[in-house]
There are 2 protein chains.
Amino acid sequence: MPRRQFNALDYSDPMLVRILDAGEQCIRRFGIRRTSMGEIARVGKLSRGSIYRYFGTKEALVEGIIRRQQQDFLNRTEAKLEQESSLADKVTLAILVGRKDMQEGMFGSLAEIEPETLAMMFLDPRFYRRSLSFWPQHIRMAQAAGEIDAELDVDLVADMVVRLAASLVMVPRMGVQLKTRKALRQYLQQMLKLGPA
Amino acid sequence: MPRRQFNALDYSDPMLVRILDAGEQCIRRFGIRRTSMGEIARVGKLSRGSIYRYFGTKEALVEGIIRRQQQDFLNRTEAKLEQESSLADKVTLAILVGRKDMQEGMFGSLAEIEPETLAMMFLDPRFYRRSLSFWPQHIRMAQAAGEIDAELDVDLVADMVVRLAASLVMVPRMGVQLKTRKALRQYLQQMLKLGPA
DNA sequence: TATTGAACAATAATCATTTTTTGTACATTT
DNA sequence: AAATGTACAAAAAATGATTATTGTTCAATA
């Protein structure tokens with residue numbers, strides 16, 4: 001079975017990659033608001049006109065950068081998931097990878113520089129939709145393994161997993177401490193097996 | 001069984017209520033940023049000094065207003081819950097009440113005037129913690145009725161319910177359409193009964 | 001004794017102005 | 001063909017002077 005890829009843009013185009021790399025670097029350093037197309041052009045050593053050929057607006061470019069970030073996250077997670085067996089283990093792993101990215105990656109910088117922007121993203125349905133297609137396959141595997149009820153609507157479970165995982169990444173501790181892998185694993189194991197014993 | 005109250009401040013103090021009412025009215029109209037202590041004093045027909053006697057800072061006052069809003073939400077929900085039997089029905093109701101508040105109430109105004117502020121609240125653990133103590137009682141009832149596994153950790157389930165409900169209030173539609181009571185009810189019914197048939 | 005209102009320095013918001021950036025067009029270069 | 005660089009009007013952001021707000025204190029008032 002070939003490893004799935006979560007792509008949308010043609011990342012083999014070196015010009016496109018240069019734009020995205022430069023843009024990402026700028027966002028890391030200055031945040032989205034304080035990053036200008038001219039600055040991105042300077043950092044990427046290309047012309048402003050070229051950027052506008054690939055992305056019609058700054059908004060579209062930012063969207064492209066976030067998109068790639070999320071796709072990269074999904075691809076790295078997917079690669080690691082091969083070692084995990086149960087759905088609870090998979091979701092645990094995805095949350096841990098997400099939290100690490102949120103500390104060290106672009107979103108982490110954004111959280112420090114422009115927390116309101118990050119908070120707004122978190123309320124944006126598009127942000128969630130990009131992750132939705134990741135889960136159905138794994139949910140079906142869990143159903144085939146008898147891990148969860150085979151009658152359950154796969155898309156509903158995927159929706160719940162995305163909501164829960166996003167919440168656990170963005171708000172790691174509220175009432176219960178869900179910091180360690182073990183605590184998370186236990187939490188998800190219980191949540192994904194709710195119902196009569 | 002007496003109906004529970006979710007209180008913290010002494011709402012029998014008319015001065016306190018006048019401050020909170022005036023503050024809430026200002027936030028509804030202008031948002032948090034554009035509301036000043038002087039304006040609240042004017043609207044509430046009291047002195048700025050009095051406000052500072054009750055709330056040391058503007059931040060504390062805003063916290064008090066939000067607190068009362070959430071407590072009011074919980075009290076109204078609690079009252080309505082008496083008609084609902086299953087946990088899925090109760091959570092459905094809470095989400096529907098929450099969504100209505102989010103459209104018509106103070107948070108709705110805030111969503112229009114200062115969306116970033118509302119988004120930041122949604123990432124604040126305190127916002128969640130205020131709702132956490134609401135659920136354990138109902139979860140135990142569901143366990144007693146054999147609706148969910150009696151072995152499950154009550155606090156963990158409460159945590160999940162709060163995360164899921166908050167997400168469904170703030171992001172009503174992502175992949176699946178969860179707009180109607182019926183769709184929500186079915187979603188939650190399946191989610192709260194995850195596990196082998 | 002609680003509330004008021006005035007004074008105050010430090011901080012933050014506002015506003016008009018200047019500067020930068022955006023998005024588009026097009027002639028030039030590679 | 002694709003990328004560059006310049007020009008341009010409209011929109012947005014940085015700037016700095018000005019005004020308002022915050023949080024504290026305290027004497028006056030109810």
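Just so it is clear: chains get the letters A, B, ... in the order the sequence lines come, proteins before strands, and each one is counted from 1. We use all heavy atoms of the structure for the numbers below, so side chains are in, but hydrogens, waters and symmetry mates are not.
- Taking NZ of A:K90 as the reference point, atom NE2 of A:H138 lies at 5.0 Å (rounded to 0.5 Å).
- Regarding contacts with the backbone of D:dA3, every side-chain N or O of A:S50 stays at 4.0 angstrom or more from both OP1 and OP2.
- Nucleotide D:dA30 holds its C1' atom 15 Å from the CG atom of B:L46, rounded to whole Å.
- Comparing B:M37 and A:R53, the nucleotide of DNA chain D nearest to each residue sits closer to the 5' end for A:R53.
- Summarising the geometry, the separation between OH on A:Y52 and C1' on D:dC8 is reported as 14 Å, rounded to the nearest angstrom.
- Residue B:R129 places its CZ atom among more than 12 non-hydrogen atoms of other residues, nucleotides or ligands, all under 6.0 Å distant.
- Contact annotation for B:F55: no contact, since no heavy-atom pair falls under 4.0 Å across all strands.
- Straight-line distance from the CZ atom of B:R18 to the P atom of C:dT4: 6 Å, rounded to whole Å.
- Hydrophobic clustering places B:M170 together with A:F122 (ILVMFWY residues linked when any side-chain heavy atoms are closer than 4.5 Å, directly or through intermediates).
- Within the 4.0 Å cut-off from OP1 or OP2 of D:dT21, at least one side-chain nitrogen or oxygen of B:S36 is found.
- The CD1 atom of B:I51 sits 18 Å away from the P atom of C:dA2 (whole-angstrom rounding).
- Interface remark: the B:R48 side chain does form a donor-acceptor pair with the D:dG23 base, using a distance-only criterion of under 3.5 Å.
- Straight-line distance from the CD1 atom of A:I40 to the C1' atom of C:dT20: 15 Å, rounded to whole Å.
- If you measure from atom CD of A:E39 to atom P of D:dA13, you get 16 Å, rounded to the nearest angstrom.
- Remark: C1' of D:dA3 and CZ of A:R42 are 19 Å apart, rounded to the nearest angstrom.
- The side chain of B:T57 lies closest to D:dG23 when the candidates are C:dT4, C:dG23, D:dG23.
- Checking D:dA14, D:dT24, C:dT3 against the side-chain heavy atoms of A:R34 singles out D:dA14 as nearest.
- Note on A:D159 versus A:R163: salt bridge recorded, some NZ/NE/NH1/NH2 to OD/OE distance being below 4.0 Å.
- Out of C:dT4, D:dG23, D:dT4, the shortest distance to the side chain of B:K58 is found at D:dG23.
- The CZ-C1' distance, from B:R33 to C:dT14, rounds to 13 Å in whole Å.
- Here the side chain of A:M15 is nearest to one of D:dA3, C:dT3, C:dT4, namely D:dA3.
- Remark: B:R34 CZ is loosely packed, at most 12 non-hydrogen atoms of other residues, nucleotides or ligands lying under 6.0 Å away.
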